[in-house]
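One structure below.
Computed from a predicted structure; not experimentally measured. The basis for the numbers below is simple: all heavy atoms, side chains too, and nothing from hydrogens, waters or symmetry mates.
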Amino acid sequence: QRQLVESGGGAVQPGGSLRLSCAASGFTLAYYTIGWFRQAPGKEREGVSCGSAADESAFYTDSVKGRFTISRDNAKNTIYLEMNGLNPEDTAVYYCAARAGVTPVQDMCRLTYAADFWGQGAQVTVSS
């Protein structure tokens, strides 16, 4: 069964850190453009960060630049989102996604093209 399975969400105080993981099974992530999205209550899904299948290029939405880092470990067939300096505005359900082949990272995060796979979502709550 081809799927993405997320882990690592939780509750943290402002200024804290979390790392989300997204493990793929049934397909090889190295050949996929990857992305992390989030959806807060009452808001549309937003592309947070996306990574290229071709090189190390990445896109970050302005609100997370300098705080979040997307990465992948091809040996583990897993992608990560390292989140530092979290604030209450980062509270949302976070989803990983993957699309086969090389997609421009901005287009991936804008969902210009449909993703092939989505994770189940991980709740991140930032509050004091």
Side-chain angles (χ1 to χ4, degrees):
Q1 182 179 2
R2 298 188 296 172
Q3 62 180 355
L4 293 171
V5 178
E6 298 182 40
S7 60
V12 64
Q13 292 186 339
S17 299
L18 283 173
R19 187 177 77 160
L20 300 178
S21 301
C22 175
S25 59
F27 66 99
T28 303
L29 269 175
Y31 305 123
Y32 284 70
T33 305
I34 59 173
W36 287 95
F37 299 78
R38 66 186 179 187
Q39 188 164 21
K43 294 188 177 181
E44 293 187 354
R45 189 169 296 192
E46 168 190 32
V48 175
S49 179
C50 293
S52 174
D55 52 36
E56 297 298 314
S57 62
F59 168 86
Y60 295 91
T61 194
D62 286 346
S63 62
V64 308
K65 284 180 181 176
R67 300 188 297 122
F68 289 14
T69 304
I70 190 171
S71 63
R72 70 169 88 208
D73 185 332
N74 289 335
K76 295 183 178 179
N77 213 25
T78 299
I79 62 176
Y80 303 96
L81 184 68
E82 187 76 36
M83 304 183 290
N84 298 310
L86 286 161
N87 59 60
E89 290 70 39
D90 296 315
T91 295
V93 178
Y94 284 71
Y95 300 89
C96 59
R99 186 174 188 276
V102 178
T103 299
V105 290
Q106 285 186 313
D107 287 337
M108 179 72 181
C109 267
R110 291 170 182 163
L111 291 174
T112 302
Y113 309 101
D116 294 310
F117 300 99
W118 287 92
Q120 81 278 15
Q123 177 69 48
V124 172
T125 301
V126 185
S127 71
S128 54

Legend entry - Hydrophobic cluster identity match, V124 and V64, side-chain contacts under 4.5 Å: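 Yes, because V124 and V64 connect within a single hydrophobic cluster, where side-chain heavy atoms sit under 4.5 Å apart.
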
Inset, instruction - Would you verify whether the NZ or CZ of R99 falls within 45 degrees of the ring axis of W118 while also being under 6.0 Å from that six-membered ring's centre? - result: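 No, R99 does not sit over the ring of W118.
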
Which distance, rounded to the nearest 0.5 Å, do you find between the [atom1] of [X] and the [atom2] of [Y]?
{"X": "N87", "Y": "R67", "atom1": "CG", "atom2": "CZ", "result": "4.5 Å"}
{"X": "F59", "Y": "Q106", "atom1": "CZ", "atom2": "CD", "result": "5.5 Å"}
{"X": "F68", "Y": "T61", "atom1": "CZ", "atom2": "OG1", "result": "10.0 Å"}
{"X": "L86", "Y": "S127", "atom1": "CG", "atom2": "OG", "result": "11.5 Å"}
{"X": "I70", "Y": "Y60", "atom1": "CD1", "atom2": "OH", "result": "6.5 Å"}
{"X": "I34", "Y": "I79", "atom1": "CD1", "atom2": "CD1", "result": "4.5 Å"}

With a 3.5 Å cut-off and sequence neighbours excluded, list the donor-acceptor pairs that the side chains of residues 12-20 form with protein atoms.
| from | atom 1 | to | atom 2 | distance (Å) |
| --- | --- | --- | --- | --- |
| S17 | OG | N84 | OD1 | 2.8 |

Considering non-hydrogen atoms only, spot the tightest contact between [X] and [Y] and give its length.
{"X": "M108", "Y": "C50", "result": "CG-SG, 3.6 Å"}
{"X": "G47", "Y": "F37", "result": "CA-CD2, 3.4 Å"}
{"X": "C109", "Y": "S49", "result": "SG-C, 3.4 Å"}
{"X": "S52", "Y": "V105", "result": "N-CG1, 3.3 Å"}
{"X": "A24", "Y": "L4", "result": "CB-CD2, 3.7 Å"}

Legend entry - CA sep, side-chain torsions, deciding dist, call: F117, R2, side-chain contact (heavy atoms from CB on, under 4.5 Å): CA-CA 8 Å; F117 300 99; R2 298 188 296 172; 3.6 Å; yes

Inset, instruction - Scan for side-chain hydrogen bond (donor to acceptor under 3.5 Å, both in side chains) pairs involving residues 24-41, sequence neighbours excluded, and state none if there are none. - result: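 The answer is R38-E46, R38-S63, R38-D90, R38-Y94.
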
Inset, instruction - Any salt bridge (Lys or Arg N to Asp or Glu O under 4.0 Å) involving residues 72-86? Give me the pairs, sequence neighbours left out, ordered by first then second residue. - result: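 Sorted result for residues 72-86: empty, none.
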
Legend entry - Side chains of E89 and T91, donor plus acceptor under 3.5 Å: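 No, T91 and E89 have no side-chain donor paired with an acceptor closer than 3.5 Å.
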
